[in-house]
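See below for the structure under consideration.
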Amino acid sequence: MAAAFDVLIIGGGPIGIACGLAAKKAGLQYTIVEKGCLVNSLYNYPLYMTFFSTSERLEVGGIPFVSINPKPGRPEALEYYRRVATSEDLRLQLFEEVLEITPNAGQYIVQTSRNTYHTRNVIIATGFYDIPNLLDVPGEHLPKVTHYYKDPHYYATRKVIVIGAHNSAVDAALETYRRGAQVTMVIRDKEIGNRVKYWVKPDIENRIREGSITAHFNSTVTAIRENEADIATPEGNITIANDFVIAMTGYQPNFRLLEKAGILLSDDGKKVPAYHPLTMETNMPHIYLAGVVCGGMNTHLWFIENSREHADRIIGDIMQNR
């Protein structure tokens with residue numbers, strides 16, 4: 001059967017949109033398949049999140065992103081990427097999960113939760129926000145525990161443990177504290193992470209220093225119960241009263257989808273997928289990677305601003321081989 005598409009893009013986030021724009025500009029037959037809503041990962045970010053990057057560094061396809069703020073927030077980003085997708089009339093298949101990618105006579109069959117597609121090329125731009133890194137401790141699956149932080153009002157007046165020391169954890173700690181929560185941070189390392197936004201880092205350090213937020217460094221949560229939690233600290237094990245646990249322990253790409261597609265992963269624990277850095281093509285011919293998925297467990301290496309160029313590299317290689 002002839003391929004219905006020249007390229008099928010998995011993931012409808014900013015980088016998937018960038019790939020769609022590049023494919024359309026090149027005159028390729030394409031579609032974007034996204035398992036959730038448009039820019040699903042951004043939609044699930046905290047309501048008041050502010051990007052580290054300025055708006056022009058979040059632009060895709062050369063389409064201006066105009067913001068009234070020095071650094072845009074989640075609502076502005078959602079509006080921008082939605083307007084880009086709709087004004088450019090991108091072909092989108094939303095709320096449709098890709099289940100399998102199978103080679104077939106020099107092409108690929110892509111099976112989703114709704115359809116079966118035939119394509120010559122596949123671009124995987126699935127990001128990393130859908131699968132949290134688990135704590136693997138008793139009580140982690142209680143309703144009071146979440147790996148996704150959304151709105152600080154929910155935690156007003158409650159006793160909250162925030163696990164982690166990077167941007168997501170720091171934002172959750174500060175915002176819930178300012179909504180009246182009693183916040184305890186549990187941090188595996190000896191200090192707040194050095195990748196925390198430079199205008200936020202002094203704020204959290206000052207709140208810890210003055211005692212407004214309690215922080216246990218070099219510590220881990222070892223068990224969670226309905227009304228309390230156990231923490232292993234350098235001074236010994238302690239138990240504190242607790243209503244909610246916000247575990248900002250990071251996320252990982254969908255390695256299962258990559259492995260089922262035949263893409264090799266490094267065996268050093270970082271699970272970095274095999275791909276050519278100039279073309280972004282993996283060890284599987286005509287399957288490409290774009291965006292943060294390229295880093296494996298090193299999810300801090302790739303962002304919108306330094307991976308949007310993947311789209312042009314990939315489409316350029318596809319056109320050259322066409």
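Any value given below was found using the heavy atoms of this structure, including those in side chains, with hydrogens, waters and symmetry copies removed.
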Quick one: side chains of residues 22-40, donor-acceptor pairs under 3.5 Å with protein atoms, not counting sequence neighbours, listed by atom name and distance.
unit_1	atom_1	unit_2	atom_2	d
Lys24	NZ	Glu88	O	2.3
Gln29	OE1	Arg91	NH1	3.0
Tyr30	OH	Arg91	N	3.2
Glu34	OE1	Gly12	N	2.7
Glu34	OE2	Gly36	N	2.8
Asn40	OD1	Cys37	N	3.2

Student check: side-chain heavy atoms of [X] and [Y] closer than 4.5 Å:
X      : Y      : result
Asp171 : Pro46  : no
Met280 : Cys294 : yes
Ile213 : Leu174 : yes
Ile68  : Glu76  : yes
Phe95  : Arg114 : yes
Ile240 : Ile161 : yes
Tyr108 : Pro285 : yes
Tyr154 : Thr146 : no

Mind listing the closest non-hydrogen atom pair of [X] and [Y] along with its distance?
X      : Y      : result
Thr299 : Val292 : O-CG2, 3.4 Å
Asp268 : Lys270 : OD1-N, 3.0 Å
Ala77  : Leu42  : CB-CD1, 4.2 Å
Thr233 : Gly236 : OG1-O, 2.6 Å
Ala173 : Val183 : O-CG2, 3.8 Å
Ser55  : Pro72  : N-CD, 3.7 Å

Relative to the ring of Trp199, is the ring of Phe52 parallel (under 30°), tilted (30 to 60°) or perpendicular (over 60°)?
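Because their plane-to-plane angle lies in the 30° to 60° range, the rings of Phe52 and Trp199 count as tilted.
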
Is the ring pair Tyr81/Phe65 parallel, tilted or perpendicular, if the boundaries are 30 and 60 degrees?
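Perpendicular, since the angle between the ring planes exceeds 60°.
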
Path from [X] to [Y] over hydrophobic side-chain contacts below 4.5 Å:
X      : Y      : answer
Ile101 : Ile131 : no
Leu47  : Tyr80  : no
Leu135 : Tyr149 : no
Ile163 : Val200 : no
Leu264 : Ile287 : no

Taking it one step at a time, do Glu259 and Lys271 satisfy side chain to side chain contact (heavy atoms under 4.5 Å, CB included)?
CA-CA 10 Å; Glu259 290 177 314; Lys271 297 186 178 181; over 6 Å; no

Distance-only, no hydrogens or angles: does the [X] side chain make a donor-acceptor pair with backbone N or O of [Y] under 3.5 Å?
X      : Y      : answer
Asn254 : Leu257 : yes
Arg308 : Arg57  : yes
Glu59  : Pro64  : no

Check whether the side chains of [X] and [Y] place a donor and an acceptor atom closer than 3.5 Å, and report yes or no.
X      : Y      : result
Asn321 : Asp317 : yes
Thr102 : Asn104 : no
Glu96  : Ser113 : no
Gln93  : Asn115 : no

Before you tell me yes or no, could you show the steps for His216 and Ile238 under side chain to side chain contact (heavy atoms under 4.5 Å, CB included), namely the whole-Å CA-CA distance, both residues' side-chain angles and the distance that decides it to 0.1 Å?
CA-CA 11 Å; His216 296 285; Ile238 62 172; 3.6 Å; yes

Side-chain donor-acceptor contacts of residues 221-229 below 3.5 Å, not counting sequence neighbours, with atom names and distances?
unit_1	atom_1	unit_2	atom_2	d
Thr222	OG1	Asp230	O	3.4
Arg225	NE	Glu228	OE2	2.9
Arg225	NH1	Asp230	OD2	2.9
Arg225	NH2	Glu228	OE2	3.1
Arg225	NH2	Asp230	OD1	2.7
Arg225	NH2	Asp230	OD2	3.3

Using 0.5 Å steps for rounding, measure from the [atom1] atom of [X] to the [atom2] atom of [Y].
X      : Y      : atom1 : atom2 : value
Tyr275 : Ile263 : OH    : CD1   : 12.0 Å
Tyr288 : His310 : OH    : NE2   : 14.0 Å
Ile15  : Ile314 : CD1   : CD1   : 9.5 Å
His276 : Asn283 : NE2   : CG    : 13.0 Å
His153 : Arg179 : NE2   : CZ    : 9.5 Å
Leu258 : Thr282 : CG    : OG1   : 9.0 Å

Please indicate whether [X] has more than 12 foreign heavy atoms, meaning atoms of other residues, nucleotides or ligands, lying under 6.0 Å from its [atom1].
X      : atom1 : answer
Arg178 : CZ    : yes
Glu210 : CD    : yes
Arg83  : CZ    : no

Evaluate side chain to side chain contact (heavy atoms under 4.5 Å, CB included) for Phe128 paired with Trp302, printing each intermediate quantity in order.
CA-CA 11 Å; Phe128 71 102; Trp302 295 103; over 6 Å; no

Measure from NZ or CZ of Lys150 to the centre of the six-membered ring of Tyr43 and say whether it is under 6.0 Å with the direction within 45° of the ring axis.
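Yes, Lys150 and Tyr43 form such a contact.
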
Please tabulate, for the side chains in residues 242-249, all donor-acceptor contacts under 3.5 angstrom to protein atoms that are two or more places apart in sequence or on a different chain.
unit_1	atom_1	unit_2	atom_2	d
Asn242	OD1	Lys144	NZ	2.7
Asn242	ND2	Lys159	O	3.2
Asn242	ND2	Phe244	O	2.7
Asp243	OD2	Lys159	N	2.8
Thr249	OG1	Asn133	O	2.6
Thr249	OG1	His147	ND1	3.4

Val98, Ile10, Leu99 screened by side chain to side chain contact (heavy atoms under 4.5 Å, CB included) with Thr112, the one that passes
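Going through Val98, Ile10, Leu99 one by one, the side chain to side chain contact (heavy atoms under 4.5 Å, CB included) with Thr112 is satisfied by Val98 alone.
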
Centroid separation under 6.0 Å, is that true for the rings of Tyr148 and Tyr251?
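Yes, the ring centres sit under 6.0 Å apart.
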
